[in-house]
Amino acid sequence: ERFTMDEGLSMAVREVFVRLYHDGLIYQGDYIVNWCPRCRTAISDLEVEYQPQQGNLWNVRYPMAEGDGGIVVATTRPETMLGDTAVAVHPDDERYRELVGKEVILPLVHRRIPIIADDYVTMEFGSGAVKITPASDPNDFAIAGRHNLPILRIMDDNAVINENGGPYAGQDRYECRRSVVRDLESGGFLVGTEPYTHNIGRCYRCKTDIEPAVSRQWFVRIAPLAKEAIAAVVTGKTRIVPASWEATYFEWMNNIRDWCISRQIWWGHRIPVWTCEGCGKVIVASTDPDACPGCGGAKLRQEEDVLDTWFSSALWPFSTLGWPEDREALRTFYPTSLLVTGFDILFFWVARMMMMGLYVMKEVPFRDVYLHALVRDENGEKMSKSKGNSIDPLEMMDRFGTDAFRFTLAAFSAQGRDVRMSEERIEGYKFFINKIWNAARFSQMNLADYSPEISVSSAEESIADRWIRARLARAASEVTRGLDEYRFNDASAAAYQFVWHELCDWYLELIKPALYGEKKATARRSAQKTLFETVSASLRLLHPFIPFVTEEIWQSLIADGRSIMVSEFPSAEAIPTDLAAEREMALVMEVITRIRNIRGEMNVAPSLKLKVALDSAEEGALSTLEKGRGYIENLANLEALSLTREGAERKGAATAVAGPVRVSVFLAGVIDFAAEKARLGKEIAKIEKEMGGVGKKLANPDFLAKAAEAVVRKEQEKARLFGDKKAALEAALARVAALADGG
RNA sequence: GGGCGGGUAGCUCAGCUGGGAGAGCGCCACGCUUACACCGUGGAAGUCACAGGUUCAAGUCCUGUUCCGCCUACCA
């Protein structure tokens, strides 16, 4: 479906405005807004930048109109006193109780203004009395509304004092401040001045101090709309993830103020309101009227203000789908399933889309809102163009690769936290991409003669083949879960862990003999098939994180002529679990690791082929090891491996324990008894530390009585395993000690 | 002032519903073994900010203290 965005958006904006207007949700009114005297436009509360600024707190005495005495007020902006229309105190303030209702004389302009009581006033601050300037302060404006006070504008749109300022007319606001302070002082009204730091609001664009000012603006009566948007989140029609942001959302929505939507700027959607110059009739229409429907006059004047850009942004979920026309795209894709955005525009944009979506479409615009982390610079500061501390993503992509950068963002995106971008981390993932590339090369080299049609019976599959398939199923399940729950760091970590540390570190090494040894053709075929399928699935798992490299490899290696984008995402359910293979490989792998550990710790050259004996009292363990014999011999670099049932004396051997298996590495002639003694001692100490915790738990009757049964059983099993291991290590230590002592 | 988040290995950080302290980088030792030295194998390293409490059990829950960060605000 084709329609131009600009036209569609304009239509939608006008249509929504008209509907709101006719529902009584848009009004024009005099209201105090943040006015930028330089841009000569109102800006929204959210666009004001606050900065602490050093100023003064001037204490000024206003004399009573009748009799003696007076009341002291404090102000940071003495020039605004010209527009004061009251002095307010707290209703509970004993000091001023009898003054409420009386009048004071406003110095310099000699106007009588009343003393009123309003609980906005903080008794503890200053003198406890506040001057009220409705036209120059939002709070004062609100108080004026409550007490029917006159609103007196003393400045024009350029923040220059107007005729209401009497002798100060024509002065700029800051020039006027100096004049007023000088005159208050000479008139004896200034009772004190103290330095004071407070926040000054500035225009986000031109950095000019904003001037709260009363002016005629257009507003959306927002409370009814907010009510619906709040309900949508309360009832779960829309979920905010992470949920911690819901509180912030509610806080803001419950205290929302009417939305000032008019802007006095040059660019934007012009407000679709016309006034007939003949009869004064106001016309609100979604298409330009030719003549006044009241008097027929053709002299119509359109409102000059334009709409806040967020007004049209709020319509995005449906205006982009062709609304107000009833298009198929709109019916299909509204509401969308997910909005991904930054929390910094939760209010600007998300909440407003919610309100407008519910108002116009009678349905939430999206089911889930995922608020991602904000990327900060390495000092934790928010990146911004004005600060110049932005990390240029294009530069990062040039240096480390687009996929590496993208994977880094996923890996960093733990929920509820901001991230500090780190080049080291990106580099680490660049290495990961490289690893994948090399694994693909390995696969390509060994799959040249492979065809996916080749069938392999399950009987031909090796333990390694079965094992990697089972591990793949787990990885697929973890990645899927991470993505489903918007835990992208968990998802990316699961993929990373599987591909590097299981597929590359173990599986590729395990099958090398089958691939290019003199093994049977069946073993080779099975390894090839499993390799092909595992790499294929891995690429698909990784594709959401690293689209470019996976597509490239997919095309050259898997090559079914279609993009990896339209391939099926691996499903854990489709891959059979294989606990037996996982358990058996775990033992084989541990034995290999134990042998390597001895090699490393005893400083035996990696090139030296070793003789190893494995003893176990468990028949099952021995048969597993027999099945894994080839893997052990190859990956531990052995020249001989014997498996025996009885734990015979192993002279001149270094010892380790892998589950129910005693590992003896023969180091005849090269064994360093002192080193072996130290190594065993270290192992035993480690075991003892673990046994300590377990033993303490099992000795505690409360633990046995109150802990879950499964937990207790687990601890008991652990105690047994640790006990066995310790005994075996201690026996080895005693033997080595004897040999060492004997020379 | 209010709200929120955080203080876990040298660094950057994971640790969801309380039950074996983890990863990456860095560091140490050995190794260019025919995918990869952007690599491999092995190793060292933490009073989980502090103090209480709940619990058989606390990095994980509660209270307080402290330090850091972010957001927000109308004490003139």
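So that the names make sense, note that chain A is the first sequence line, chain B the second, and so on, each numbered from 1.
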| field | Candidate nucleotides B/C38, B/A35, B/U12, ranked by approach to the side chain of A/K435 - the nearest | value | B/A35
| said: Of the options B/A44, B/G42, B/C36, whose atoms approach the side-chain atoms of A/E601 most closely? | reply: B/G42
| field | Distance, C1' atom - from B/C50 to B/G7, rounded to whole angstrom | value | 11 Å
| message | Using atom P in both nucleotides, what's the gap between B/U65 and B/G59 to the nearest angstrom? | response | 22 Å
| query | How far, in whole Å, is B/A49 from B/G69 if one measures between their C1' atoms? | reply | 15 Å
| said: Return the pairing partner of B/G1 with a 3.5 Å limit on both distances, Watson-Crick or G-U wobble; otherwise return none. | reply: B/U72
| field | Minimum-distance nucleotide to A/A74 side chain [options: B/A76, B/A35, B/C16] | value | B/A76
| For A/A708, which contact category applies under a 4.0 Å heavy-atom criterion: base, sugar-phosphate, or nothing? | base
| request: Could you let me know what B/U65 is paired to, Watson-Crick or G-U wobble, both distances under 3.5 Å, or none if it's on its own? | output: B/A49
| task | Look up atom OG in A/S136 and atom CD1 in A/I32, then write down how far apart they are to the nearest 0.5 Å. | result | 6.5 Å
| message | Would you measure the distance from the C1' atom in B/G10 across to the matching atom in B/A44 and give it in whole Å? | response | 12 Å
| task | Say whether, by atom type as modelled, one donor and one acceptor occur between the side chain of A/D84 and the main chain of A/A86 under 3.5 angstrom. | result | no
| message | Nearest to the A/N438 side chain among B/C36, B/C56, B/C38, which nucleotide is it? | response | B/C36
| said: Suppose you measure atom P in B/A51 against the same atom in B/U66; what distance do you get, rounded to whole Å? | reply: 15 Å
| message | For a quick check of understanding: with a heavy-atom distance under 4.0 Å over all strands, which category does A/D505 fall into, base, sugar-phosphate or nothing? | response | sugar-phosphate
| remark: pair_partner(B/C36), Watson-Crick or wobble, both distances < 3.5 Å, evaluates to none
| note | Of the listed B/A76, B/C38, B/A35, the closest approach to the A/K430 side chain comes from B/C38
| 5'-most by nearest nucleotide on RNA chain B - A/N597 or A/G128 | A/N597
| request: Using a 4.0 Å heavy-atom cut-off across all strands, classify A/I132 as base, sugar-phosphate, or nothing. | output: nothing
| note | If pairing means Watson-Crick or G-U wobble with both distances under 3.5 Å, then the partner of B/U60 is none
| Row check, A/W35 ring normal vs A/R202 NZ/CZ: under 6.0 Å, within 45° | no
| task | Could you tell me the separation between the CG atom of A/L510 and the C1' atom of B/G40, rounded to a whole number of Å? | result | 15 Å
Identify all pairs in which a protein N or O lies below 3.5 Å from an N or O of nucleotides 23-30 of chain B, and state each distance.
unit_1, atom_1, unit_2, atom_2, d
B/G24, OP1, A/H501, NE2, 3.3

| note | Considering only heavy side-chain atoms of A/Y196, the closest of B/C56, B/G15, B/A76 is B/A76
| request: Using the C1' atom on both, measure B/A9 against B/G5 and round to a whole Å. | output: 23 Å
| Salt bridge check: are A/K682 and A/E601 linked by an N-O gap of less than 4.0 Å? | yes
| Ring-ring centroid check A/Y450 A/F532, cutoff 6.0 Å | yes
| Length of the OH-P vector between A/Y249 and B/G3, whole Å | 22 Å
| note | Assign each of A/L503 and A/R594 the nucleotide of RNA chain B bearing its closest heavy atom; nearer the 5' end lies the nucleotide of A/L503
| request: Compare the minimum distances between each of B/A35, B/G43, B/G20 and the side chain of A/E715, then state the nucleotide with the smallest one. | output: B/G20
| request: Just call it for A/R713: base, sugar-phosphate, or nothing, with non-hydrogen atoms closer than 4.0 Å on any strand. | output: nothing
| said: Whether A/R679 contacts B/G43 is assessed here as follows: a side-chain N or O lying under 4.0 Å from the phosphate OP1 or OP2. Is that the case? | reply: no
| With sugar-phosphate meaning primed atoms plus P, OP1 and OP2, does A/T593 contact a base, only sugar-phosphate, or nothing at under 4.0 Å between heavy atoms? | sugar-phosphate
| Hey, does the Lys NZ or Arg CZ of A/R406 hover above the aromatic six-ring of A/F545, less than 6.0 Å from the centre and inside 45° of the axis? | no
| field | A/T75 side-chain N/O to A/R77 backbone N/O, donor-acceptor pair under 3.5 Å | value | yes
| task | Report yes if the distance between the aromatic ring centroids of A/Y31 and A/F141 is under 6.0 Å, otherwise no. | result | yes
| Looking at RNA chain B, which of residues 76-86 of chain A put a heavy atom within less than 4.0 Å of it? | A/T76
| request: With the side chain of A/E690 defined as its heavy atoms from C-beta on, choose the nearest nucleotide among B/G20, B/G19, B/U41. | output: B/G20
| message | Taking the P atom in each of B/C32 and B/A37, what is the distance between them to the nearest angstrom? | response | 14 Å
| message | Using a heavy-atom cut-off of 4.0 Å across all strands, would you classify A/K714 as base, sugar-phosphate, or nothing? | response | nothing
| query | Mind checking whether A/V350 and A/T341 have side chains closer than 4.5 Å, heavy atoms only? | reply | yes
| query | So does A/K512 get a side-chain nitrogen or oxygen closer than 4.0 Å to the phosphate oxygens (OP1/OP2) of B/A35? | reply | yes
| Nearest listed nucleotide, side chain of A/C504, among B/A35, B/G19, B/C74 | B/A35
| said: Base, sugar-phosphate or nothing for A/E509? Non-hydrogen atoms, less than 4.0 Å. | reply: base
| query | Is there a Watson-Crick or G-U wobble partner for B/A14 with both distances under 3.5 Å, and if so, which one is it? | reply | none
| task | Determine: side-chain N/O of A/K689 to OP1/OP2 of B/G20, distance under 4.0 Å, yes or no. | result | no
| Does A/K696 have a side-chain nitrogen or oxygen under 4.0 Å from the phosphate oxygens OP1 or OP2 of B/A57? | no
| field | Among B/G43, B/A76, B/U41, the one nearest A/F125 by side-chain distance | value | B/A76
| query | Is the closest basic N to carboxylate O distance between A/E79 and A/R173 below 4.0 Å? | reply | no
| message | Could you tell me if the side chain of A/V214 sits less than 4.5 Å from the side chain of A/V33, heavy atoms only? | response | no
| A/I546 CD1 to B/C38 P, straight-line distance once rounded to whole Å | 19 Å
| said: Classify the ring geometry of A/F407 against A/Y496: parallel below 30°, tilted from 30° to 60°, perpendicular beyond 60°. | reply: tilted
| Using the P atom in both, what is the distance from B/U54 to B/C71, to the nearest Å? | 39 Å
| query | How long is the line joining CG of A/L610 and P of B/G42, in whole Å? | reply | 14 Å
| said: Salt bridge check, A/K718 against A/E715: does any charged N sit closer than 4.0 Å to a carboxylate O? | reply: yes
